[in-house]
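A short write-up of the structure that comes next.
Just so we're on the same page: letters track the sequence lines, and every chain starts at 1. What you see below is based on every heavy atom in this structure, not just the backbone, and it leaves out hydrogens, waters and symmetry mates.
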Amino acid sequence: MANKDKNKQNKQDRAVKSEGDSKPSKKASESKKETNSIALNGDFFLYPKEPLPYLDKGPVKAYRARMGGQHGANLFVLICDKSLTPRFLSIPKYSSITSNNLCKLVATGKVFWPPMQGECFCFVYDDTIGMPLLHNREDHLAFAWKPETVLTNIILPAIDMLTKLRNKELAHGELWLGNMFDGGADAAQKIFFGECLATPASSQLPMIYEPVERALADPIGRGAGDSIDDLYSFGISLAIMLREEDPMRGFSDRKIIEHKLDKGSYLSMLGKDRLSGAVLELLRGLLYDDPEQRWTVEDLEAWVDGRRLSPKQAPKRAKSMRPMIFKGQKYHRPEVLAMDLHLDTHETMKIVESNELGQWVERAIEEKLTKSRLEQALASLASFERGANHNDRVAVVISHALYPEAAVRYRGILFNPAGFGKYLTQSYILQKDMQAFVDVIKFSFVIPIVRQARLLDKGTLMAAFDLCRSYIKQTALNGGIERCLYIMDTEAPCLSPILENYYVQSSKDMLMAFENICEKSKPDILFDRHIISYMSVKDRQNIDPYVTDLSAKNRHVRILAQLKVIATMQKRCELKGLPNLAKWLAGELKPVYDRLHDKNRRDDVSKKIEGLLKDGNIKSIAVILNNEALYLNDLDQFKKGILQYEGLIKEQELINKNLKKGRLYGQNTGRQIASVLSMILSMAIMIFSVYQVFSGG
Amino acid sequence: MAKKKKKSAVKKKGLLSKLSPKVLLVLITVAAVVMMFMAAAILFILGMMPTLAAYLTDRIPGKNKTLTIGALNFAACFFYMMKIWTNPVPEDAAISYLSNPTTLIMIYVAALVGYMINHGVTVVVASILKQKSEARLNKIEEAKEQLVERWGVKVNGRKPLDIHGFPLDNRENFDS
């Protein structure tokens with residue numbers, strides 16, 4: 001009932017808003033609004049001063065939006081939070097789903113969002129979905145709706161949507177009452193399912209809607225589930241709609257999990273509520289804790305068609321008669337013990353090394369499978385290298401043996417392997433301690449867990465962990481935790497502090513961001529570990545050939561490498577003019593010019609480059625400076641210059657040496673000239689003599 | 001006595017053996033000519049005395065001074081020798097020229113002119129060369145400055161360079 005009141009209140013709010021729109025001064029106020037809006041892709045106007053808090057998804061805030069034109073449709077926009085990577089890869093699948101009951105995606109893109117003082121990614125949706133069925137997570141979770149209403153208004157539309165999602169191999173991950181909408185009609189006559197793209201899958205899903213294994217992970221570390229998990233969430237939503245009482249009201253998250261483990265999800269959710277046969281079947285099937293036994297979309301369709309599937313009673317989990325004492329607490333279930341082993345790893349080591357745990361599993365649990373898993377885990381510990389956090393790693397392995405489906409619990413981070421990437425990204429953005437993540441990658445104790453996990457794409461995930469292990473130890477600019485982040489979270493934008501105010505998802509975005517940065521200021525550097533790692537993962541051809549040069553000790557090599565990278569990016573992105581970036585680069589080129597020995601050549605090259613700045617053609621600048629012949633020719637000429645200088649020195653020394661002779665200098669030459677002169681004169685005299693004698697003179 | 005004769009014979013034999021056959025032939029020819037033209041030879045020998053003096057006093061390798069004086073000295077002698085040889089009675093002409101002091105004075109004046117040419121030209125040439133060298137030194141300095149301006153100080157080759165032509169100890173372009 002409380003929920004209904006809230007619905008009414010919200011509807012009134014919306015009604016007040018729509019009344020405001022219909023006032024006589026509508027035109028004037030509209031034009032005023034246009035000035036207060038932010039354009040997206042040229043066709044949409046977003047209104048940062050008009051928040052729609054009932055559509056918020058945690059830190060992802062909703063605002064009013066409108067399509068361009070006089071009668072533009074009413075829309076709402078979700079402004080993504082940088083710490084919650086949107087599901088970019090799922091956008092094409094989501095857009096291609098044509099369901100009347102799924103919130104319609106109208107546009108996506110990046111905008112400069114004044115409240116965040118930076119560029120943000122946003123999703124624009126059709127605002128015809130109405131109000132959420134549940135406004136507050138703390139609301140009373142029992143609607144007591146009639147089964148017939150639920151069948152007509154909820155289940156039938158849901159089957160259509162779930163089938164389409166399944167066909168597209170897209171897990172929604174946000175099927176809960178807070179993300180289901182009434183379509184603006186009373187009493188949930190037309191249900192709408194909210195979007196699932198603006199945040200990582202399941203990160204905004206309250207834990208009660210998750211199967212126990214997934215609920216054990218931190219929300220951001222749950223990872224994308226599959227349609228089976230969607231069906232469980234849907235089952236929980238149905239149970240809340242149908243039940244009259246909430247048997248777990250006031251329970252803590254921990255208690256809810258323990259309750260579900262103890263009683264099973266169905267009994268935990270419905271308690272003493274008595275449902276009719278058909279609905280009971282449906283809920284039993286959807287809330288089956290074993291995913292292998294849980295109903296699929298086909299089962300759901302069959303149930304609607306009238307086939308009765310009669311799901312089995314959920315098998316009870318093993319419970320020991322004799323408790324295991326850990327940290328002064330009594331444990332009867334290995335799953336619950338597994339949840340707590342990471343809390344005191346010293347104590348964990350004690351019960352492992354004293355074989356207290358082994359004996360308990362063998363004698364008190366009497367479950368062969370658990371015993372066998374524990375024995376294997378204990379055997380694997382022998383290959384564990386001692387050292388930092390050894391006990392924590394042992395706790396992970398033992399926990400996994402006791403409860404293999406549960407999330408990994410390591411030094412305060414609780415995650416499913418598929419959710420590791422998003423968790424890593426968020427922790428990095430929120431500047432949390434990264435050591436636990438480094439350990440997970442470095443010691444690769446997660447790989448056997450991935451191997452046994454219920455995942456569609458185990459191979460890719462294992463390969464990603466393997467790849468990260470090789471990069472985490474690297475000190476090169478394209479290695480380290482930054483690279484691992486982009487390998488593990490393929491949807492993460494570039495998180496470089498240089499690009500703090502930009503949302504960079506591609507090389508083109510990056511170049512445009514660089515251009516913008518250079519237009520506003522003169523940055524010290526444009527390439528850091530993040531940018532290099534991001535490029536190396538996303539578009540390796542742009543950067544990998546130059547990574548060594550980018551970290552060179554020699555400044556001119558680094559600058560030339562930056563120039564080459566930007567030129568390659570510009571060429572591959574087919575971006576023509578980047579005048580501000582070109583200007584910045586030209587300002588950094590002095591060490592490169594200095595590599596030319598010849599001042600005249602330097603001046604020539606510099607003038608040529610100055611001429612290219614206006615067009616922002618960085619490719620041409622790179623062509624000029626990346627010319628081996630230019631440097632070889634310069635070096636050749638320089639060597640000739642050295643020889644010339646050497647020759648001049650020698651000549652100078654010789655002249656000085658001769659001049660030091662004083663009066664004697666030049667006398668030898670003088671004498672030789674005198675001799676020649678004398679001989680010429682004597683020859684003339686002799687010829688004259690002969691002539692005179694023979695002429696009779 | 002017999003021993004002394006033997007020694008002088010050995011000495012004579014030694015002197016002759018030191019001369020090469022060519023020189024020996026020239027000496028024999030000169031001796032024959034002198035015997036044939038005794039008067040002219042005496043004039044020539046007396047006339048060429050300044051050259052002999054120059055030869056003996058010229059310690060500079062190449063003996064350019066001797067050559068300068070000797071050339072003009074010889075030209076003057078040649079003039080009179082021609083007159084003697086073309087005379088129908090050369091002996092008489094030779095004695096006539098020998099007895100006339102003007103002959104030797106003219107020959108010695110020619111040698112003196114040779115000496116003056118040697119001295120004067122040497123001084124003038126040395127002075128010109130010195131001025132030229134000084135001008136060249138200035139030009140070398142300018143050329144060096146131009147090279148340094150174009151190629152940088154490293155062109156002087158005083159510092160060891162790497163294979164790219166940059167000083168090995170240059171840290172200008174390196175990050176610490």
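Side chains of A/N668 and B/N64 form a contact here, defined as non-hydrogen atoms less than 4.5 Å apart. Side-chain contact between B/F166 and A/N554: absent, with no pair of heavy atoms (C-beta onward) separated by less than 4.5 Å. With contacts defined as side-chain heavy-atom distances shorter than 4.5 Å, the pair B/W151/A/N600 does not qualify.
Taking B/L161, B/I140, B/V113, B/L67 one by one and counting their heavy-atom pairs under 4.5 Å with chain A, the maximum is reached by B/I140. Chain A forms the most heavy-atom pairs under 4.5 Å with one residue out of B/E149, B/K154, B/M82, and that residue is B/K154.
Within 6.0 Å of CE on A/M434 lie more than 12 heavy atoms contributed by other residues, nucleotides or ligands.
There is no contact between A/V557 and chain B, counting heavy-atom distances below 4.5 Å. Both the backbone and the side chain of A/L648 come within contact range of chain B, with heavy atoms under 4.5 Å apart. Heavy atoms closer than 4.5 Å to chain B are found in both the backbone and the side chain of A/Q652. The parts of A/I642 that come within reach of chain B are both its backbone and its side chain, each placing non-hydrogen atoms under 4.5 angstrom from that chain. For a residue to count as touching a neighbouring chain, one of its non-hydrogen atoms must lie under 4.5 Å from one of that chain's; by this rule A/D634 touches chain B with backbone and side chain alike. When heavy atoms are compared at a cutoff of 4.5 Å, A/I673 approaches chain B by way of both its backbone and its side chain. Contact annotation for A/L681: both backbone and side-chain heavy atoms come within less than 4.5 Å of a heavy atom of chain B.
Using modelled atom types, no side-chain atom of B/H164 and backbone atom of A/L635 make a donor-acceptor pair closer than 3.5 Å.
Residues of residues 71-81 of chain B having a heavy atom under 4.5 Å from any heavy atom of chain A, listed by number: B/A71, B/L72, B/F74, B/A75, B/F78, B/F79.
The structure places NZ of B/K63 at 11.5 Å from CZ of A/R671, a figure rounded to the nearest 0.5 Å. Interatomic distance, CD of A/Q644 versus CZ of B/R150, reported as 8.5 Å (0.5 Å rounding). Atom CD of A/E651 and atom NZ of B/K139 lie 11.0 Å apart (nearest 0.5 Å). Here CD1 of B/I117 is found 5.5 Å from CG of A/L677. Values are rounded to the nearest 0.5 Å.
Here the closest non-hydrogen pair linking B/T68 and A/S675 is OG1-OG, 3.1 Å.
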Which atom pairs, one a donor and one an acceptor, fall under 3.5 Å between side chains of residues 125-135 of chain B and the rest of the protein, sequence neighbours left out?
residue	atom	partner	partner atom	Å
B/S133	OG	A/Y665	OH	2.3
B/S133	OG	B/L129	O	3.0

